[in-house]
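Comments concern the structure below.
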Amino acid sequence: MEKKIKYGVIGVGHLGNFHIKQLLKINSVDLVGIYDENKQRLDEISKNYSVHKFDSAVSLLEQVDAVSIVTPTTTHKDVALLALENDCHVFIEKPIADNVESAQQIQNKVRALNKVAHIGHIERFNPVFKKFQERAHKPLFLECHRLSQLNNRSMDISVILDLMIHDLDLVMHIVDSPIKHIIADGINVVSQSIDLANVKLTFENNCVANLTASRISDKNMRKIRLFENNCYTSLDLLNHKISKHFANFSKSEGKLNFKNEQIAIDNYDALKAELENFCNSIINNNSDFSNMDYSIRALEVALEINNIIKLKSN
Ligand code: NAD
């Protein structure tokens, strides 16, 4: 049998819990242990999964080849640099960091040490997005809605870095053109940061993306609607549905006919797929840095949006 990857998880809060759950299902992983600075949470999760707890990040890092970093975004840089200095491959939850300088420090260290680094942009692994990507698209206009009920997590960053960054990342994967212009509005409602934002991106090829993100909604929604010549596609990333609507002008009837199609979606866990992809990159010695480069691009745009909104409110 192949040698397993000795794996650790740092930060076992809301999402760290799911990392453990999925890592335990991956054959190539030997989950050596976990660490969290909150001792009570560390004890609870260690007991729940019967997984070894370490009393410091370094003592865990010394025992593993790879680590998931699932701590608050503002801590990613320090934890990631520590992990890299301890010769570990890193899976860092999104966003990679809360500022570009920190992201670049991580990027430089990853490249210098030639380690594998993946950033947790889970929606790239959403079965809906994977299915959608099977065909080429030429979007003219996109509409993204990502609404979340208030949950009190990730309040250290704005809704743009917390939620909208998922759609920024997807849109930049879909639209193969640089961004020409950004219009952005946003408001603080319950936190010191932006809780609700609406953004219009215009690309060099004149495609337009209109994105709305809110963490103060009464319901959850993750939808992308995409308009191409004679075709409208609706992606429901939350409920795993894709519908396509084609318009076709019938000369004989002298009118537009519409054909609707529901696309079948494979059902699998996106987090497991994402972590397996990271593990496969380690096993195959594939330190393709594009995963991290795309994440930094999305962070740069997210921070630019933050600044545009801040300047308006000053
Ligand atoms: P959380 O607050 O529930 O958990 C964070 C945990 O990290 C806590 O248990 C805390 O005690 C621990 N911690 C804080 N600083 C630490 C340190 N220096 N060392 C060790 N442990 C430390 O937060 P969460 O919702 O799990 O979010 C964690 C990260 O995951 C954030 O970066 C967030 O943006 C990201 N996230 C990504 C997605 C996604 O869709 N990919 C979803 C949710 C959260």
Side-chain angles (χ1 to χ4, degrees), residues 8-23 33-46 48-49 51 53-61 64 67-83 86 88 90-99 102-103 106 117-129 146-170 191 193-194 213 215 220-222 237-238 269-275 277-278 291 294-295 298-299 302-303 306:
V9 178
I10 299 185
V12 294
H14 171 74
L15 191 58
N17 174 59
F18 292 107
H19 272 246
I20 297 169
K21 198 170 164 186
Q22 296 308 326
L23 286 163
I34 60 175
Y35 170 70
D36 194 295
E37 66 175 23
N38 178 335
K39 300 287 174 243
Q40 202 184 332
R41 179 72 181 172
L42 181 63
D43 284 348
E44 179 194 331
I45 295 291
S46 163
N48 283 356
Y49 290 99
V51 57
K53 61 179 180 190
F54 284 77
D55 58 12
S56 71
V58 172
S59 58
L60 169 62
L61 292 167
V64 296
V67 70
S68 279
I69 298 171
V70 203
T71 56
T73 303
T74 45
T75 67
H76 286 182
K77 182 196 83 178
D78 288 346
V79 181
L81 293 182
L82 189 67
N86 278 276
C88 290
V90 290
F91 183 100
I92 308 169
E93 261 310 328
K94 64 91 290 265
I96 177 170
D98 60 335
N99 63 77
S102 294
I106 297 172
H118 284 194
I119 316 303
H121 284 276
I122 193 168
E123 295 289 40
R124 293 180 198 163
F125 291 84
N126 188 310
V128 169
F129 189 65
R146 188 167 290 261
L147 313 181
S148 169
Q149 289 168 329
L150 191 65
N151 61 32
N152 235 338
R153 290 191 309 271
S154 294
M155 289 298 179
D156 55 334
I157 51 175
S158 74
V159 72
I160 299 146
L161 265 74
D162 180 17
L163 299 182
M164 191 181 279
I165 199 159
H166 284 295
D167 293 321
L168 291 170
D169 183 61
L170 294 186
S191 77
S193 189
I194 303 156
R215 57 184 175 198
N220 294 321
M221 179 193 280
R222 279 151 47 195
L237 295 147
L238 185 63
D269 189 279
L271 180 59
K272 180 165 182 252
E274 184 180 32
L275 291 167
N277 182 54
F278 173 58
N291 182 299
Y294 265 110
S295 307
L299 176 68
L303 290 168
N306 261 359

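Each ligand, and each atom within it, is numbered from 1 in the order the structure gives.
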Margin query: Under a 4.0 angstrom heavy-atom cut-off, which atoms of ligand 1 come close to I122?
Written below: 40 (O), 41 (N)
Item checked: From D162 atom CG to D156 atom CG, the distance as rounded to the nearest 0.5 Å -> 8.5 Å
Note to self: Return the CG to CZ distance between D167 and R146, rounded to the nearest 0.5 Å.
What the structure shows: 4.0 Å
Next item on the list: For the pair K94 and E274, find out whether any cationic side-chain nitrogen is under 4.0 Å from an anionic carboxylate oxygen.
Entry: no
Check: Does ligand 1 have a heavy atom under 4.0 Å from the side chain of I10, from its backbone, from both, or from neither?
Finding: side chain
Notebook entry, point to check: Using heavy atoms and a threshold below 4.0 Å, how should the contact between E93 and ligand 1 be classified: side chain, backbone, both, or neither?
Noted result: side chain
Notebook entry, point to check: Looking only at heavy atoms, is any part of H121 under 4.0 Å from ligand 1, and if so is it the side chain, the backbone, or both, or is it neither?
Noted result: neither
Margin query: Tell me whether atom 4 (O) of ligand 1 lies less than 4.0 Å from at least one protein heavy-atom position.
Written below: yes
Notebook entry, point to check: Of L15, I10, N17, which meets side-chain contact (heavy atoms from CB on, under 4.5 Å) against V70?
Noted result: L15
Next item on the list: Name the closest protein heavy atom to atom 23 (O) of ligand 1, giving the residue it belongs to and the distance to 0.1 Å.
Entry: R153 CD, 4.3 Å
Next item on the list: Using heavy-atom distances, let me know which of H14, H19, K94, H76 sits nearest atom 33 (C) of ligand 1.
Entry: K94
Next item on the list: Heavy-atom contacts with Y35 under 4.0 Å: which atoms of ligand 1 show up? List them by number with element.
Entry: 19 (N), 20 (C)
Next item on the list: Compare all side-chain heavy atoms of N151 with those of H14 and state whether any distance is below 4.5 angstrom.
Entry: no
Notebook entry, point to check: Do D36 and R41 meet the salt-bridge criterion of a basic N to acidic O distance under 4.0 Å?
Noted result: no
Item checked: Proximity of E37 to ligand 1 by residue part, where a heavy atom lies under 4.0 Å -> both
Check: atom 28 (C) of ligand 1: which of L82, I96, V70, I119 has the nearest heavy atom?
Finding: V70
Check: Which of the listed options, I157, D36, D98, holds the heavy atom that is closest to atom 8 (C) of ligand 1?
Finding: D36
Checklist line | CG on N126 to CD1 on I122, rounded to 0.5 Å | finding: 8.0 Å
Item checked: Ligand-side contact atoms (ligand 1) for residue partner N38, heavy atom cut-off under 4.0 Å -> 11 (O)
Next item on the list: Could you tell me whether the side chain of L170 reaches within less than 4.5 Å of the side chain of L237, counting heavy atoms only?
Entry: yes
Next item on the list: For this output row, return yes or no: ring centroids of F125 and H121 closer than 6.0 angstrom.
Entry: no
Next item on the list: Could you tell me whether E123 approaches ligand 1 through its side chain, its backbone, both or neither, with non-hydrogen atoms closer than 4.0 Å?
Entry: neither
Next item on the list: Could you list the residues that satisfy side-chain contact (heavy atoms from CB on, under 4.5 Å) with D43, not counting sequence neighbours?
Entry: K53
Checklist line | Ligand-residue contact atoms, ligand 1 with S154, heavy atoms, under 4.0 Å | finding: 33 (C), 34 (O)
Note to self: At less than 4.0 angstrom from any non-hydrogen atom of G120, what atoms of ligand 1 do you find?
What the structure shows: 41 (N)
Notebook entry, point to check: In Å and rounded to the nearest 0.5 Å, what is the CG to CG distance from N306 to N99?
Noted result: 11.5 Å
Next item on the list: For P72, take its heavy atoms, then give the atoms of ligand 1 lying under 4.0 Å from any of them.
Entry: 5 (C), 7 (O), 13 (N), 14 (C), 15 (N)
Item checked: Contact atoms of ligand 1, heavy-atom distance to L15 under 4.0 Å -> 26 (O), 30 (O), 36 (N), 37 (C), 38 (C), 42 (C), 43 (C), 44 (C)
Margin query: Can you name the atoms of ligand 1, numbered from 1 with element, that are less than 4.0 Å from a heavy atom of H166?
Written below: 39 (C), 40 (O), 41 (N)
Margin query: Heavy atom to atom 22 (C) of ligand 1, shortest distance: which of I69, D156, T71 holds it?
Written below: T71
Next item on the list: Answer yes or no: is there a side-chain heavy-atom contact under 4.5 Å between I20 and V12?
Entry: yes
Notebook entry, point to check: Would you say T73 touches ligand 1, if touching means a heavy atom closer than 4.0 Å?
Noted result: yes
